[in-house]
Amino acid sequence: MDLKTIKSLDIKGKKVLVRVDFNVPLDEQGKVADDSRIKATLPTIEYLLGAGAAVILMSHLGRPKGKVVDQLRLDDVARRLGELLGKPVKKVDDCIGPEVAKAAEELKPGEVLLLENLRFHPEEEKNDPEFAKSLASLAEIYINDAFGTAHRAHASTAGVASYLPAAAGLLMEKEIKALGSILTDPDHPFVAVLGGAKVSDKIGVLNNLLGQVDAILLGGGMANTFLKAQGAQMGDSLVDEDHLEFAADFLNKAKERGVRVELPVDLRVTTGEEGEVKIVDSQKVPDGWKAMDIGPRTAECYAELIKKAKTAFWNGPMGVFEKDEFAGGSEAVARALTHPGLVSVVGGGDSLAVLEKYGLKEQVTHASTGGGASLEFLEGKELPGVAVLLRD
Ligand code: ADP
Ligand code: MG
């Protein structure tokens, strides 16, 4: 993928409009509860400031649905960014209009201005050309560093590129390189570990990865459907009855292609909230019991297969990791991914939450910041926010 990058542009003395992903969680007081997304964009902002640009940042936050929602203003984000950068960050209360234009006009090289939540305007998500043009009029260059929203064709992620020279920021470039490399030239053996609740969420990724990987290790609620499709008794486990046929077909297709698909051999099951917990053979989950995690034998086997691989991709927890007693399978997979010499890429909000829970986020090769975007990328779809950054 031939991405136009920030380093290919002459930015000295220029006004640069940067789409960032500052869609951070807020606490009850409206303060930034987790600043990882702000930190992830610092390299791009610092690069631009160092190269002599005046930096105008824009982002969405939450779902204001086209109206001003005071709780979703970006003031505390500006404060936190200022602390991280060690310099003041100017903030305006809208993202278009005369006052914004004036603030942008007066901004000097080395200074930072943060615009107000883009989604206060319905035109943002509609990718309205006039709105995109107004945003573009604030600057001379457009940089997109918001990989997490690159799967959306919005005014700030795609539309603006029609009016300004466009390039990818450093975070965007890192994401595309890491995810792109596992799709185009992974070192083999390449193993994909897929879990999560529902098969329907993962069909695109399963199908696309089938063409790249040597083995697929299935876990989580999703594996129940595959087990049942092979004739296992699943008791009261979550099973997606509408996708039994897909699962059976997929297993056949994998066999024809020589891709090894592993299903759990044992499962950690429970009778319900506060109920009993035990480990059973994955072929025989008794009635009244449901699968909550892969069992210890499965966890060990998956960890061994991951450690023997050269490349591994993980999406979707192996169990209901939100409860400690059902987090063991996900923890085993996460720890195996930190094996020395292994190129490990992790995508998905809940999978990242597992890495964070065990302090392993910095120990995998690449933990993608884009939940939905990373999955769509791995499904082989063209992301609108990336398409506008490619060389002709
Ligand atoms: P990601 O956000 O990493 O893409 P998903 O959203 O697909 O992951 O899946 C995460 C969810 O799957 C978690 O909320 C987890 O509790 C749930 N889950 C995993 N295993 C099971 C299971 N056996 N039964 C029910 N839910 C499960
Ligand atoms: Mg999720």
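Just so you know, ligand 1 is whichever comes first in the structure, and atom 1 is the first atom listed for that ligand.
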[X] to ligand 1: N or O pair under 3.5 Å?
X	value
Ser351	yes
Gly196	no
Gly221	yes
Asp293	no
Asn224	no

Ignoring hydrogens, just give me the one of Lys198, Met292, Lys202 whose non-hydrogen atom is nearest atom 7 (O) of ligand 1. Lys202
Region of Leu238 engaging ligand 1 - heavy atom pairs below 4.0 Å: side chain
Side chain, backbone, both or neither: the part of Ala291 lying under 4.0 Å from ligand 1 by heavy atom: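 For Ala291, the contact with ligand 1 is made by the backbone alone.
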Give me the one residue out of Leu138, Ile141, Leu107 that meets side-chain contact (heavy atoms from CB on, under 4.5 Å) with Lys15.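 Of the listed residues Leu138, Ile141, Leu107, the side-chain contact (heavy atoms from CB on, under 4.5 Å) partner of Lys15 is Leu107.
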Looking at Phe147, is Lys174 sitting on its ring face, NZ or CZ under 6.0 Å from the six-membered ring centre and within 45 degrees of the normal? no
Sole residue of Asp75, Asp76, Asp70 in side chain to side chain donor-acceptor pair (under 3.5 Å) with Arg73: Asp70
Looking only at side chains, do Asp145 and Thr44 share a donor and an acceptor under 3.5 Å apart?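 A pair is found: one side chain offers a donor N or O, the other an acceptor, under 3.5 Å apart.
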Does the side chain of Ser282 come under 3.5 Å of the side chain of Asp266 through a donor N or O and an acceptor N or O?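 Asp266 and Ser282 do not have a side-chain donor-acceptor pair below 3.5 Å.
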Could you tell me how the ring of Phe226 sits relative to the ring of Phe246: parallel (under 30°), tilted (30 to 60°) or perpendicular (over 60°)?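 Phe226 and Phe246: perpendicular rings.
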Please name the atom of Asp350, restricted to N, O or S, that is closest to the Mg ion (ligand 2). OD2
May I ask you to list the atoms of ligand 1 that are less than 4.0 angstrom from any heavy atom of Asp350? 1 (P), 2 (O), 3 (O), 5 (P), 6 (O), 8 (O), 10 (C)
Residue pair Glu379, Lys381: steps toward the salt bridge (Lys or Arg N to Asp or Glu O under 4.0 Å) verdict: CA-CA 6 Å; Glu379 285 172 20; Lys381 286 190 190 156; 3.2 Å; yes
